[in-house]
Each structure stands twice: as C-alpha cells, then as structure tokens.
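To start, the structure under review is shown below, and the notes come after it.
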There are 2 protein chains.
Amino acid sequence: MNRTWNQYVVKQENKTLVLSTIIDQTPISRASVAQVTGLNKGTVSSLVSELIDEELVEESGPGESNGGRRPVMLLFNGKAGYSLAIDLGVDYLLGAIIDLNGNIIYEEKRQLQSTDFDVVFPFLTRFINHLMEQVPKSRYGIIGIGVGVPAVISHQGEILLAPNLNWKKIKLKEQLEQQFNIPIYIENEANAGAYGEMRYGFEQMPKHMVYASIGIGIGVGMILDGQLYNGLNGFAGEAGHMTVVKDGRTCRCGNLGCWERYASEQALIDEAVDRQLIEHNQVEPFQKLIELANQQNQAVINLFEEIGTYIGIGLTNTINIFNPEHVVIGNQLIDAEQWISPAIGAYINKHAIGFHQNDLKISFAKLQAYSTVRGMAAFTIEGFLLKQRNA
Amino acid sequence: MNRTWNQYVVKQENKTLVLSTIIDQTPISRASVAQVTGLNKGTVSSLVSELIDEELVEESGPGESNGGRRPVMLLFNGKAGYSLAIDLGVDYLLGAIIDLNGNIIYEEKRQLQSTDFDVVFPFLTRFINHLMEQVPKSRYGIIGIGVGVPAVISHQGEILLAPNLNWKKIKLKEQLEQQFNIPIYIENEANAGAYGEMRYGFEQMPKHMVYASIGIGIGVGMILDGQLYNGLNGFAGEAGHMTVVKDGRTCRCGNLGCWERYASEQALIDEAVDRQLIEHNQVEPFQKLIELANQQNQAVINLFEEIGTYIGIGLTNTINIFNPEHVVIGNQLIDAEQWISPAIGAYINKHAIGFHQNDLKISFAKLQAYSTVRGMAAFTIEGFLLKQRNA
DNA sequence: TTAACTTTGTCTATATAATAAACAAAGTTA
DNA sequence: TAACTTTGTTTATTATATAGACAAAGTTAA
C-alpha cells in the first residue's frame, strides 16, 4: 500500500519542518520561522506551542528588536533526551553519551582483550549498563543505543561478516534488544562516520560526500543527495575491495589487487615489516612508524608517501564515479595526515577528471576519532524525532 | 524557502499517485485504485474525473464482475502527447517518436559524415523538424525533445566535454530552445540508457541498478534508490575512468590504467590491430571481429574473452561499491554478448564479494539499441506529467 | 514628548480536501 | 426471486492551512 497524503501527513511534515528550522537556526523567533519556511504565522505559532508542550523547544528571553516588538527567541532543547553511542573497534570500545544537539557530554574508552564474541558481548552489555548510569535525567531519557561496527551489516541489523573481528552471522541488534528495552541501531562504522561528518562536521551540510574510513581495512560511506546510500541489502560501500591492481595481491575477500591491500593501515604495517623498517612483533606498529617519520626516517617517510599515492588512486576512482563535493578521510590514518596528505592531493590533482575537481574539497575527518559515535548518535536522534513526529 | 505542505500539495500528490497507479496497472477500476493506494473511494472518483477532463485517462468498457456491479475500467491515454527523442552517437543520429507509454511509434536513423558541431547542429535541427512532421495530432502535441549525448553534461544542459565527438563547452540546450519552443532535455547517453532500462526493461522497476554503456568509451548510469544519480554537478558516472591497472595505459583523461582503456570497443579494436587480427584501416572493425569470432577464429575469441574479463573487473568494482540488484550491460558491445558474457560472469562470480552476489542479476540491455532514446523519452514524459500536475 | 510606523504573535472566519457513511446502480448467487 | 456483493457517487463532517484583523510592544522622526 502506497502512502497517501492527507491533513495529518501535512501537519506532521510541517511540524518537522518547523522543528528542523529551529534546530538549524537556533535561536530563532516564530516570525523568522514563518518567513524562512513560508508557512503562515498562525500555523507556526500553533505548531511551536505543541513542540513546547513536548519539551523539544524552549522559549528563551526576548531577542533584539528589528524596529518593532521584540521577538521571543526559540531554542531547540538538546537536553530533552540522550543517545548512547558505541564505536566497537577491533580492540577497543568507545562509548559516549550524546545530547540531541549531537554534543558529547560524557565519554569513556575501554580496551578489548579478545575479539571472541562470547567475551565481547557481555563486556559490551556491562559497559552499556555502566554508561546508562551516567545519563542525566530528562523528559525522554535514553532515546536509543547505536553501535558502529567494522562489518557488513544487513538492513535487519545482523552482522553478516566482520573479517577483522572474525565474526559471522551475529544478530547483534536482536541480542541487544533482548537486553535493553530501547531502540537499537547497528551500522557499519564507515557509514556511521560518514553520517557523523555530514551532520556535525560542516557549517553547511554537504549533499554529496564520500567518507573513506581508512583503518585496518578500508570502508567507504557515501552521502548521495544528502542521504546515506545503503544499496539493495545494506552492503554498499565495500569500495575497499575494488581492484586497483589487476592480478595484484590476493585479498581475504577472494578478489585480487583490492584497494585495501595497498592503502590501509594493515598494508602499511605489512610493507614496513617486509622492508624491515619495524620488527614483525612490534607493539603498536602504526604509532611506531609515525614516531620514525617524525624522526625524519626517510625510508618510512617514503613508505607513507607510497601509501598516500595508493589512497589517492582509490579516491580518484570514487571521485570519477560520484562527482562528490567533499571527500573526507577518517579513522586511524588521520594521525598520519602530514605524511600522506601531500601524496594524496598530488595524485588526485593529477589524475581525477578535471571537471570533477572544480568544486571538490578534500579533507581529513573534522570530528577526528568521534566520527563514528557522533554518526551513530545522529541515527538514533533522527529515529527518535521521526517516532516523536508520528506519535 | 522550503517547501510547505498544504491541501493543494496533498491534492497534487494524491493525483499523481492515482495517475501512476493507473499507468502501472492499466486497465484498472476506480475501486481497485482506491484499494491499492489506500485512498478513499470518493477521493479517487473526484481525482479520476479531473484526469479524464485532462484526457490523460480514458474509460474503456466495463470489466469482469467480481460478484457485484461490473467495474468501469480506466486506461492511461498514452496518445495524449508524444515525445521526440534523439540518440546522438559519434557517427549517427537515431530519432524516435515515442508515446506516453514509452512505445516507439516511429523511428529513423541517419549517418553523420562529420563530427564538426557546425555541421552536426543544422543537420540535427533539420532532422528534428522532419521528425516533427511525423508526429500524430494529439491533445498536448509534442511534449518535449530529449537528446542523449556521449558527453559530460552539466545540470544546465551544457555539453562540457565530449571526447569522442571532440566537442567542448557547447550550450546545446540553449541553442535548441532558441530553435524550438518546446521543453528540451539533454542528458548523458549512459544515464539515459540506465533510465530507459529501468523504466521499460523490467517487469518490476529495479531500485538499485548499474548500467554500463560499453561502446567506444565506457560510461556508467546509476539508479540508486529508484532515482538516477547525477552527483554534485551532474558529472557522476565517469566510472570508465577508474583505475583498474596501476601505472597502466595512459588515457585521454589524464589518468593511468583507466577501465575503458582495457574494456571498451576502442580497446578491443586497438588490441586486435596490435595483434594483427585485423588491418589498421579496417572498415567497421567491430563487426569484422564478430564475424571472425563466428568463424571460430581462436585468437579473436581469446581477445573477446580478455575484454570480457576486464569488463568483469570494472563491474566487480561497481558491485562492491553499490551493492546493486541489477547490472545491465548496454551499447555496442551487446552484439558480442555470446563471446564476452561467460568471461564477465566468471570473473564476477569469482571476485565480487559473496554477499553482494546473493540477489544480483547480470544481464544485457533488454531494449537493445533503444535504451538511450527510450530513456530520453522517459525524462521528457516525466517532466511533462510533473508540469501537468502543477498546472 | 508624542504620533506614526513596525514587528511580533495570537485569534477568528474561511476555504480546501480527505474521510466515513449513506445510497443508488448493477451485477451474482442460492 | 430474494439476498448479497461490488462499484461508484453524494453528503455531512472534520482537520488543517491561510488571510487578515488585532493587540502588544517596540522604534523613529517631528
């Protein structure tokens, strides 16, 4: 059955429009909302009064007069509820409590000793319980739990494959829903990072953005026409497994010459070991390499440049395919920005189709290590506001 | 200014919903439309009577009774207007008159002797004038002219670059608008082909489809979430210029190892000449190669297989990135289907990520040489119905 | 200081369109 | 032939947006 349009839908849509105008342009007066949205002043008044009843909007003091009666300024109430977001990494959990404005109000990081799911899951639920105790009292309480995982995830929130965690077919969403009576969101870490960067990383939300999460592996989150693109089954973005070297290195995925075999943190480390720049059993090899580069070790600097060039190759491909406005590089490799950035820029500049470079901006994640948690929070917040609207 | 929602918008949306239901499921009764859409019977009656006034819908005779009063069947009137669509190739013009149902009712093909724009443009306008004389009389007449061009085209309908035609910065849309007082649509040939295949090539319209137009060059049209994806400036889909061989063959575009340097018709011909399978100055070299393959020339058959493998590499990349439901191969190379198809299938099967293959279907263009014209017609028809709706 | 003007926000009358329900028309079934 | 079904129209009702009036609270210029 298709969606029909009637007066209820009209009201919902307009209410959403008013609320998002207030969120984006807070503080703002009723009159300005009416002008910006094109809605009638009376309509705005009535919708705002409902939003105030729902405690999603607050009146602050009077604003500056524009030559007449002083306006009553409206604020979005970011403290009406809180999101609980987790970045589940290969060897850590980063948890955060995030308000409706997307600001982190509490964070905590824990190391994981094992990737065994039977170890990780109880650890995770205990961590969530601990975080819940830190959440301030509020009208709507904890509006959702979001977990970002470096994995292929179905629309149903099932982890189909997480190669670096060695997980397969794990119904994480279902299992968490059984433990907590709160909406659960599970997403791919790169998708979450892309979403976080889009929502909170820019003055003006970009419409077309490619976010390359370069860590142990490479995942790509795509914002197309302002929306996260998921593909048919939710598996889109496995650009780490596009072939950039025909008959190249074999990859876990079964393909040859995959991008992530040349441009990821793992590729960097493998190559460094191969070239005897670090020991095979080096602890924190990535940090060590950055240290060496900082000490002007030329061989290491050259290696970073090579990795940068390979990153450039893959990014050039995505640029030619998508014609994005922004390309954002995130995850672990942002710590090597100064060593890889020039090579990336040079390669793209020389090889991407000229037109695509016109309005293109390339940057490193502005939210740094928080792209994923803030993205997961954005998903839960959006879900909450949507449910609120339809209530 | 944002779009506000009021009763007028509701009516427009519902009218569109009713019309598209009738288009999709013609013939259908008012009662069925109400059931399918979820709208009230009275609402449907009133909207249908307006559509009948606009001659977009017709009543046909009574249908079969379902145990009660016999329904009056409604038909979409595909003859209320006609689209004029042109496929502008490197050495030909394919023109078609297409009704609102997307059916070709007249077609004509002309060879081009030169790619010089000053020669082609007058030729094109005369051709259009000639086609216009063949259009039957109807309520809305010629509702639009659509031209598909193998080129990078801006949102404003300017041809920025057509390498194979050697055109640059040509405001084709503007120039045609000056000649004809009819809505003009200019689109990239691969995008048009993708749209045509989506609209008319399947029983059920696919939501996620990648259409690879493999001719002299390679262009990719992407249907994402049921919509054609254009990118920031309308340049998306230049997947032909993704690197598949690091430090490989140089390409016109400035990049190295581009896909289309290994998997296009041009690549096939260049390689065939190199291997002395055909003469350097062979006329219609592609047809000649197919002939040779049909004669069981093993060297030529091997070459086709190699090309097929390279096509498979690029398609695997797009599959891993997009997780599409359908991959459709179109343009010239469909004539070599039997020689390249097994190699393409084998490569994808072996190298694409397993999950992505679950619901994936790979096929050759069902509209054959008409993907582009029918896609361009679909653009004009959609534009017409949209304008009609807002009138 | 004051009158005229502006801006803000609320309230009221009005218009529009969807819905539910009643109803008529035209068929089928037992 | 009577009872039931399905189709399509009509009518009363309801929800919501809009225009415009109006009051409140400010600024500006004489």
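Proteins come first, then strands; the chains are lettered A, B, ... in the order of their sequence lines, and each starts at number 1.
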Re C:dA30: Watson-Crick or G-U wobble partner, both distances kept under 3.5 Å, found to be D:dT1
Between atom NZ in A:K41 and atom C1' in C:dT10, what is the gap in whole Å? 9 Å
Take atom CG of A:N40 and atom P of C:dG9, then tell me their distance rounded to the nearest Å. 14 Å
Taking CD from B:E13 and C1' from D:dA17, how many angstroms apart are they, rounded to a whole number? 17 Å
Rounded to the Å, how far apart are B:R30 CZ and C:dA24 P? 20 Å
Would you say CD of A:Q227 has more than 12 non-hydrogen atoms from neighbouring residues, nucleotides or ligands within 6.0 angstrom? no
Closer to the 5' end of DNA chain C via nearest nucleotide, is it A:G42 or A:G67? A:G67
So, taking the atom named CG in B:L75 and the one named CD1 in B:I28, what distance separates them when rounded to the nearest 0.5 Å? 11.0 Å
Are there over 12 heavy-atom neighbours, none belonging to B:N181, within less than 6.0 Å of that residue's CG? no
Test ring-ring contact (aromatic ring centres under 6.0 Å, His included) on A:F322 and B:F322 and set out the steps. CA-CA 11 Å; A:F322 289 111; B:F322 289 111; 5.3 Å; yes
Identify which nucleotide among D:dT7, C:dT19, D:dA15 has an atom closest to any side-chain atom of B:P71, counting heavy atoms from C-beta outward. D:dT7
Once the angle between the rings of A:H326 and A:F202 is folded into 0 to 90°, is it parallel (under 30°), tilted (30 to 60°) or perpendicular (over 60°)? tilted
For B:L47 and C:dT16, what is the distance between atoms CG and C1' respectively, to the nearest whole Å? 13 Å
Closest to the B:V72 side chain, choosing from D:dT7, D:dG8, C:dA18: D:dG8
If you look at every strand shown and take non-hydrogen atoms under 4.0 Å, does B:S65 touch a base, only sugar-phosphate, or nothing? sugar-phosphate
Closest of C:dG9, C:dT19, D:dG8 to the B:L39 side chain is C:dT19
Whichever of B:M73 and A:T43 has the more 5' nearest nucleotide on DNA chain D, that residue is B:M73
Length of the line joining A:Q35:CD and C:dG9:C1', which is rounded to integer Å: 14 Å
Of the listed nucleotides D:dG8, D:dT9, D:dT16, the one nearest the side chain of A:Y8: D:dT16
On the nucleotide D:dG26, are OP1 or OP2 found under 4.0 Å from the side-chain N or O atoms that A:N66 carries? no
Tell me: CZ of A:R69 to P of D:dA23, nearest whole Å? 13 Å
Mind calculating the distance between CZ (B:R70) and P (D:dT7) to the nearest angstrom? 13 Å
Select base, sugar-phosphate, or nothing to describe what B:S29 touches, counting heavy atoms under 4.0 Å on all strands. sugar-phosphate
